[in-house]
Q: 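This is the structure I want to talk about, given as structure tokens.
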2 protein chains.
Amino acid sequence: MSAPPSAETIASELTEAVHEHRILPGMKLSEDEVGEIFNVGRTVVRQALRTLQHSGLLSIERNRGAFVAKPTVKEAREVFEARALLEPRTARAAAERVTPEDIALLERHIVEEHAALDAEEAGRALKLSGLFHIEIARIADQATVEAFIRQLVSRSSLVIALYWRRRNAMCESHAHHALLDALRRHDGEMAEDLMKGHLLDLVSQLDLREHPAQAPSLREALAR
Amino acid sequence: MSAPPSAETIASELTEAVHEHRILPGMKLSEDEVGEIFNVGRTVVRQALRTLQHSGLLSIERNRGAFVAKPTVKEAREVFEARALLEPRTARAAAERVTPEDIALLERHIVEEHAALDAEEAGRALKLSGLFHIEIARIADQATVEAFIRQLVSRSSLVIALYWRRRNAMCESHAHHALLDALRRHDGEMAEDLMKGHLLDLVSQLDLREHPAQAPSLREALAR
DNA sequence: GGCGTCAAGATTGTGTACAATATTTGCACT
DNA sequence: AGTGCAAATATTGTACACAATCTTGACGCC
């Protein structure tokens with residue numbers, strides 16, 4: 001209905017849905033189906049799906065279709081190892097460049113995140129939590145690194161959907177608050193350490209043992 | 001001619017051409033032209049171009065076409081800052097996991113790189129030089145980081161095309177040799193330091209002052 | 001009844017025609 | 001001659017038709 005959205009719009013909407021866990025790993029995204037939802041032809045849908053594939057959210061299998069990626073345990077570890085390489089130093093750089101406007105924006109982010117948690121909207125809280133990390137990269141004025149972190153945050157959403165231990169609470173709000181304090185004081189060293197610890201915390205809350213659930217296909221699950 | 005190549009094949013060929021400086025920043029890649037060269041329809045070409053866009057090699061302007069990206073000075077710095085975050089630690093990890101087969105492969109790489117330099121094939125030498133860095137990420141068994149480094153190496157080729165000081169020699173072969181030695185001895189610490197220094201060396205050989213040459217369009221070059 | 005083969009259906013892959021838009025060229029007018 | 005507008009050209013954006021491939025269900029055979 002109304003104006004036909006562009007491929008970028010569709011890609012954004014789908015990405016946001018993944019961030020909010022409204023779209024879960026393994027789900028199939030049929031071209032016709034997505035096209036009907038957004039009132040566009042398959043050509044535009046295919047562009048959007050390819051975009052999401054390149055950012056690692058979809059796995060497109062030839063003549064089979066596009067499926068939301070199901071990161072293996074190894075990939076899950078790799079995502080957080082990559083984040084551990086990029087984000088702490090980026091947080092340090094952000095602490096040195098952060099402006100009062102940035103601080104205010106991050107404060108609003110945290111408030112909204114808390115509000116979402118109180119409203120039991122875990123998906124929205126998760127999305128906002130990811131945006132917090134992306135904002136830090138933006139503040140550091142490192143567009144290239146920011147693009148990488150965007151990808152990693154997106155893929156982290158998939159990892160969390162698959163491997164998160166406790167569904168009830170996401171008790172990481174304290175970490176973001178502490179980071180914000182360090183940024184406010186332009187304490188780069190502290191920001192770097194906090195980010196490093198925060199990421200380690202996140203990984204420690206995942207269950208990254210080799211589950212059966214991660215079998216990519218039924219064939220492998222039942223093979224012996 | 002003969003068998004029609006897939007979109008991935010075309011993307012690889014174009015990427016390789018960029019690595020070898022056969023395709024230079026600013027060049028326009030017309031869909032029809034590329035399609036005729038590879039004997040495929042525009043549909044497949046567009047897929048390949050989108051892929052290259054997502055890896056940062058092309059900038060696609062709506063209703064204008066696809067142009068090989070011309071990184072600004074800022075982007076050039078960002079690329080090497082990102083590499084400085086990712087590659088040293090990755091080299092350390094590689095030193096801990098490297099196998100004799102990997103060592104042999106890297107040795108061949110270096111030999112070929114020297115041969116290319118002797119044969120005055122600067123483009124081929126540059127491509128092999130980039131592959132050396134990618135191989136190290138592969139050896140580290142970090143597929144996610146490897147994908148990022150691939151992007152960064154590609155974009156580095158564009159940066160070098162635009163900002164390299166001396167066209168004659170690429171006197172970095174020593175650095176790769178030293179890195180290989182560290183890997184052979186499983187000396188992670190040394191490998192990390194060498195990689196860090198190597199990347200700093202590379203940046204120092206660039207002319208990243210704000211030249212006029214970086215004007216994206218004639219319009220800007222002559223605007224006053 | 002179990003199993004293999006094959007046909008029907010559905011979904012994606014690709015080429016192409018047409019529409020939309022940008023660029024260039026020519027022309028009229030000042 | 002210079003400038004502004006308009007038509008012509010060329011290139012990309014989108015939709016659609018057809019081909020290729022996979023999945024599913026049915027039928028016949030053992």
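So that the names make sense, note that chain A is the first sequence line, chain B the second, and so on, each numbered from 1. All heavy atoms count here, side chains included; hydrogens, waters and symmetry mates do not. The structure displayed is predicted, hence computed values, not measured ones.
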Q: Nearest nucleotide by nearest heavy atom, which residue falls closer to the 5' end of DNA chain D, A:Arg62 or A:Val44?
A: A:Val44
Q: So which nucleotide from D:dT21, C:dT23, C:dG15 ends up closest to the side chain of B:Arg64?
A: C:dT23
Q: Return the value, rounded to whole Å, for the distance between atom CD of A:Glu61 and atom C1' of C:dT11.
A: 13 Å
Q: Say whether B:Arg83 and B:Ser156, considering side chains only, have a donor N or O and an acceptor N or O under 3.5 Å apart.
A: yes
Q: Among the candidates D:dA15, D:dA17, D:dC22, find the nucleotide nearest to the side-chain atoms of A:Arg42.
A: D:dA17
Q: Please state how far atom CD in B:Gln53 lies from atom P in D:dT12, giving the value in whole angstrom units.
A: 14 Å
Q: For the side chain of B:Lys28, starting at C-beta, report the closest nucleotide among C:dT12, D:dA15, D:dT12.
A: D:dT12
Q: Between B:His176 and B:His133, does any side-chain donor sit less than 3.5 Å from a side-chain acceptor?
A: yes
Q: Spell out, as yes or no, whether a donor-acceptor pair under 3.5 Å connects the side chain of B:Glu16 to the backbone of B:Glu13.
A: no
Q: If I take atom CZ in residue B:Arg50 and atom C1' in nucleotide D:dT12, what distance separates them, rounded to the nearest angstrom?
A: 10 Å
Q: Where the side chain of B:Asp32 is concerned, which of D:dT12, C:dT14, D:dA15 is the nearest nucleotide?
A: D:dT12
Q: What's the closest nucleotide to the B:Arg46 side chain, out of C:dG15, D:dT14, C:dT12?
A: D:dT14
Q: To the nearest Å, give me how far apart CG (B:Asn63) and C1' (C:dA22) are.
A: 7 Å
Q: Hey, mind stepping through B:Lys127 and B:Glu20 against salt bridge (Lys or Arg N to Asp or Glu O under 4.0 Å) and telling me if it holds?
A: CA-CA 5 Å; B:Lys127 183 191 71 175; B:Glu20 292 189 359; 3.2 Å; yes
Q: Counting just side-chain N and O atoms, does A:Gln47 come under 4.0 Å of either OP1 or OP2 of D:dG13?
A: no
